[in-house]
Amino acid sequence: MSRYDPATLEPKWQQAWDEAGTFLATRTADKPKYYVLEMFPYPSGRIHIGHVRNYTMGDVIARYKKSTGHNVLHPMGFDAFGMPAENAAMENGGHPADWTYQNIDTMVAQMKPLGFGLDWSRMFATCDPEYYGQQQALFLDFLEKGLVYRRNAVVNWDPVDMTVLANEQVIDGRGWRSGAEVERRELTQWFFKISDYSEELLDALDRLDDWPAKVKLMQANWIGKSRGLQFAFGLVEPTRGHDRIEVYTTRPDTLLGASFIGISPDHPIAKELEAHDPKVAAFCAEARRGGTTEEAIEKAEKLGYDTGLTCRHPFDTSWELPVYIANFILMDYGTGAIFGCPAHDQRDLDFARKYGLDIVSTFVPLKGDHVKPEDGGEAYVPPKSEKVHWKLAFDWNDEATGEEAIDAAIRFCEGKGVGHGVTKFRLRDWGLSRQRYWGCPIPVVHCEECGVVPEKKENLPVELPKDVSFDVPGNPLDRHPTWRDVPCPRCGKPAKRETDTMDTFVDSSWYFARFTAPRADTPTDVAEAEYWMNVDQYIGGIEHAILHLLYSRFFARAMHLTGHLPEKCKEPFDALFTQGMVTHAIYVTRDENDRPVYHFPEDVEIHESGARLGATGEEVEVIPSAKMSKSKKNVVDPVNIIQTYGADTARWFVLSDSPPERDVEWTASGAEAANRHLARVHRIATEIAASEAGPHEADEPLLREMHRTIFDVTAGIESFGFNAAIAKLYAFTNTLAKSQAGAEAKRAAMRTLAQLMSPMTPHLSEEIWHLLGGEGLIADAPWPVADEAMLVSDTVTLPIQVNGKRRSEITVAKDASKEEVEKTALADDAVVKALDGGVPKKVIVVPGRIVNVVV
RNA sequence: GCGGGCGUGAUGGAACUGGUAGACAUAUCGGACUUAAAAUCCGUGGGCCGAAAGGCCGUGUGGGUUCAAAUCCCACCGCCCGCACCA
């Protein structure tokens with residue numbers, strides 16, 4: 001009897017799929033399509049166990065959909081531009097392209113042994129000139145439609161990476177990649193006009209039924225819609241050309257509680273005053289400082305400078321409000337000026353108390369004890385939907401919700417000619433210029449005569465020059481005269497190429513569309529896109545909930561507008577699934593200075609009494625379930641796992657135990673158990689293949705269980721319940737191993753088991769299929785269908801509860817009437833005993849479920 | 001601060017639209033086979049009482065709705081995530 005030997009079995013079946021072209025995506029009229037896509041990897045040089053989990057999930061869906069009669073598109077590529085390639089070139093010499101393509105080769109070589117059903121013929125990397133040339137064509141089309149523009153902007157400058165960052169790439173005031181504190185700089189930059197789509201990108205979220213609510217919520221918060229009132233306070237005495245201060249507020253209902261006006265240190269009026277008054281200048285300089293760090297935001301004291309200016313309240317010209325310059329007011333939100341309402345905003349209250357300003361409540365709670373802020377209480381900020389009592393009202397009821405009051409206040413103000421209702425969004429245009437070499441060149445030329453001139457499409461791709469060096473900081477394109485100096489495409493006079501390249505998020509914003517026609521000489525092929533789009537199932541990490549997914553949604557709309565995608569692709573991802581990470585325990589000891597020393601899992605022995613270092617016997621602290629990190633040494637290398645156990649074991653294990661959206665902890669014992677189980681399945685299959693025809697008495701229970709398993713596993717795969725599907729497969733394996741059924745039934749059961757396992761463990765399944773005389777490849781076999789008749793038996797076993805506690809169970813005919821069930825239940829010995837002579841008040845019979853006797 | 005999610009054995013987790021809580025797996029312990037070990041097979045596997053049959057308790061805590069609650073509602077505790085001087 002042959003042993004389970006993945007090392008020979010897996011390459012054999014991979015070759016068979018290759019030779020048959022099993023996973024090439026073909027467009028045919030007779031079948032529906034299914035497009036499953038996992039977020040493509042960055043070519044770091046090694047695949048990670050997280051990749052294995054991610055791609056295995058996609059592969060389960062892809063193989064399952066193939067066997068249910070779909071033409072499946074399941075492609076793979078590489079998100080290949082970006083900083084690490086340049087860093088490697090800076091550190092070790094060489095060229096980013098060489099580093100990148102070598103890494104891609106390595107990673108492909110590591111991925112192929114995992115047996116993913118991918119259409120490798122469609123593979124591309126975003127750094128291929130064929131890809132980024134088409135991206136340049138898209139850029140030019142966007143430019144023509146006004147979807148890209150250039151302007152001066154204060155930008156987030158990363159001093160370590162020496163490049164500009166988008167707002168989305170600044171996390172807690174630091175660059176998302178370098179972690180360096182971000183500086184402000186003014187540069188001329190290219191922007192995508194994503195803000196034009198704020199409303200639409202927000203509204204369309206409601207229709208993404210198969211997206212996680214969490215992701216939709218995060219996007220909605222990011223887009224940040226707010227409705228408010230924009231109006232102006234007139235200055236009592238105009239100053240240096242300003243006679244009014246424009247203000248935006250989302251709480252116009254509190255306008256009668258206003259007690260001061262605050263302006264940003266960057267407000268035009270503040271800048272005017274600053275230019276003529278050193279004291280103001282000193283304050284503004286202080287206020288601008290240190291604003292970006294997390295700590296500063298948390299702790300920064302509210303600072304104000306009384307300008308001596310006063311404004312008139314729009315409702316009462318005799319009511320004058322002082323104007324302060326305040327450090328907590330941002331110039332780039334709203335108008336850079338606010339009115340302070342201390343009674344209903346804690347920040348304004350702190351400020352008012354510090355500078356001795358009025359505090360006036362405009363509303364109080366309907367009931368309960370309330371210490372008003374003017375009497376020393378906290379600022380009262382109820383939810384907008386809560387009804388409150390209005391002490392100071394314009395023209396609305398005494399009792400109303402904040403929402404009602406806001407609407408009424410806007411109507412009232414508009415009626416009086418004081419400002420107008422305005423909708424604002426937090427979402428800013430997407431700055432895409434990067435001062436880097438290893439990215440897609442922006443295909444324009446700067447001409448002294450003609451200005452910014454788009455490169456001619458026939459000259460695309462504008463290819464990156466190969467002869468560059470990275471021995472000095474900055475962008476090598478800036479100092480590459482033969483590449484940079486070109487004739488103007490319009491007038492032919494000497495001109496200079498744009499040396500900025502595109503943010504790498506541009507590359508990943510349309511790759512999914514390119515996969516539908518990866519070799520087309522236009523960005524997309526409309527017929528192919530029409531057939532294959534949308535992505536039916538997109539799978540990736542939650543870390544891309546905002547940036548990548550929002551940009552892609554914008555790009556899909558822009559590509560529709562420029563004729564590259566059909567209307568139906570405006571939302572390109574029909575369903576999204578965000579998978580959890582693979583985690584691993586951290587093993588740590590302490591050195592003489594009590595600093596942590598980390599150890600690789602293979603150096604640690606786990607004993608009953610605890611974990612010890614294999615070499616020294618020193619006791620090791622175990623921190624369970626942490627994100628894998630090289631510095632913590634809690635990593636497992638998929639290459640080692642495949643060598644030790646085979647790809648099927650790795651695939652099986654990463655799907656078992658934990659639900660796919662949650663993290664799964666990699667444990668050596670779990671991986672061994674998975675391997676043992678697959679060996680067991682192989683052994684049982686071998687035994688069944690060799691067995692002679694036997695008796696048939698026990699066939700029916702086995703076959704019933706088989707159909708139940710088909711039903712449950714199918715439901716599990718359809719609903720991303722892979723862990724539950726695997727549990728059913730374990731259970732069915734146990735049933736099959738113990739079954740006394742005849743050889744024919746067992747063979748059928750084993751073939752079905754192999755099929756149900758095939759999305760997860762395709763190699764072993766092919767082997768068993770072959771062993772049991774299955775026709776062709778299991779990958780091509782149609783998915784088994786559960787026989788409804790076999791799912792229901794003639795009798796059902798019902799639990800009997802007395803007063804909600806389970807006391808017994810009875811077996812009755814499936815179609816027994818309620819009366820019969822009730823009679824049988826009440827006659828049951830255990831029930832009679834539990835009733836203890838009591839008379840049933842009521843008997844609830846839920847057909848097929850339960851009987852509850854109420855005494 | 002605002003918004004969202006989660007809490008089930010020693011552990012990962014299962015439980016359809018409220019209907020037998022703990023499927024499946026890991027750890028543990030016991031047994032068979034073996035000179036021995038591995039592998040394999042059988043059993044144990046929430047707590048308490050009991051020889052057993054069985055009983056009582058049990059899904060973070062407290063309350064509520066219901067014939068019936070891990071599931072629905074309210075309050076609290078704890079953990080996680082997103083956003084944030086956003087007017």
Using nucleotides 55-59 of chain B, report all nitrogen or oxygen pairs with the protein that are shorter than 3.5 Å.
from: B/rC56; atom 1: OP1; to: A/Arg807; atom 2: NH2; distance (Å): 3.2
from: B/rC56; atom 1: OP2; to: A/Arg807; atom 2: NH1; distance (Å): 3.2

Between [N] and [M], how far is it from one [atom1] atom to the other, in whole Å?
N      : M      : atom1 : answer
B/rU40 : B/rU26 : P     : 10 Å
B/rC33 : B/rA39 : C1'   : 11 Å
B/rG60 : B/rG7  : C1'   : 6 Å
B/rG64 : B/rU11 : P     : 30 Å

Please name all residues satisfying side chain to side chain donor-acceptor pair (under 3.5 Å) with A/Asn675, sequence neighbours left out, ordered by chain then number.
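Only A/Thr649 meet the side chain to side chain donor-acceptor pair (under 3.5 Å) criterion with A/Asn675.
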What is the minimum heavy-atom distance between A/Ile245 and A/Cys311, and which atoms define it?
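Result for this residue pair: CD1-SG, 3.9 Å.
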With [X] via side chain to side chain contact (heavy atoms under 4.5 Å, CB included) - residues at least two apart:
X        : result
A/Val664 : A/Arg53, A/Val582, A/Ser658
A/Asn723 : A/Pro659, A/Pro660
A/Ala650 : A/Ile641
A/His548 : A/Met39, A/Phe505, A/Ser508, A/Tyr511, A/Tyr538, A/His544, A/Ser552

Choose from [options] the nucleotide whose nearest atom is closest to any side-chain atom of [X].
X        : options                : result
A/Phe328 : B/rC85, B/rA84, B/rG3  : B/rC85
A/Gln801 : B/rG19, B/rG3, B/rA87  : B/rG19
A/Ala727 : B/rC81, B/rA87, B/rA23 : B/rA23
A/Ile546 : B/rA25, B/rC83, B/rG19 : B/rC83
A/Tyr248 : B/rG4, B/rG19, B/rA87  : B/rA87
A/Leu330 : B/rA87, B/rC81, B/rA39 : B/rA87
A/Arg683 : B/rC41, B/rC67, B/rC83 : B/rC41

Does A/Asn852 have a side-chain nitrogen or oxygen under 4.0 Å from the phosphate oxygens OP1 or OP2 of B/rU66?
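Result: no.
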Residues in salt bridge (charged side-chain N to carboxylate O under 4.0 Å, His left out) contact with [X], at least two apart in sequence or another chain:
X        : result
A/Arg426 : none
A/Asp266 : A/Arg288
A/Arg807 : none

List for me each residue that meets ring pair (Phe, Tyr, Trp, His ring centres under 6.0 Å) alongside A/Tyr355, sequence neighbours excluded, and say none if there are none.
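Ring pair (Phe, Tyr, Trp, His ring centres under 6.0 Å) check on A/Tyr355 returns A/Tyr324, A/Phe351.
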If the sugar-phosphate is the primed atoms plus P, OP1 and OP2 and the base is the rest, what is the B/S/- string for nucleotides 9-18 of chain B, using protein heavy atoms under 4.0 Å?
---BSS-BB-
Distances for protein N/O vs nucleotides 42-53 of chain B N/O pairs under 3.5 angstrom?
none

RNA chain B: 5'-proximal contact among A/Thr335 and A/Met218 (nearest heavy atom):
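Nearest nucleotide further toward 5': that of A/Met218.
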Toward the 5' end of RNA chain B, by each residue's nearest nucleotide, A/Asn803 or A/Ile726
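With A/Ile726 and A/Asn803 compared, the 5'-side residue is A/Ile726.
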Tell me the interatomic distance from A/Arg426, atom CZ, to B/rC2, atom P, rounded to whole angstroms.
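Between P of B/rC2 and CZ of A/Arg426: 17 Å.
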Could you tell me whether A/Arg3 and A/Asp5 have a side-chain N and a carboxylate O separated by less than 4.0 Å?
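The answer is no: the pair does not qualify as a salt bridge.
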Salt-bridged, A/Asp350 to A/Lys354, with N to O below 4.0 Å?
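Not counted as a salt bridge, because no side-chain N and carboxylate O are separated by less than 4.0 Å.
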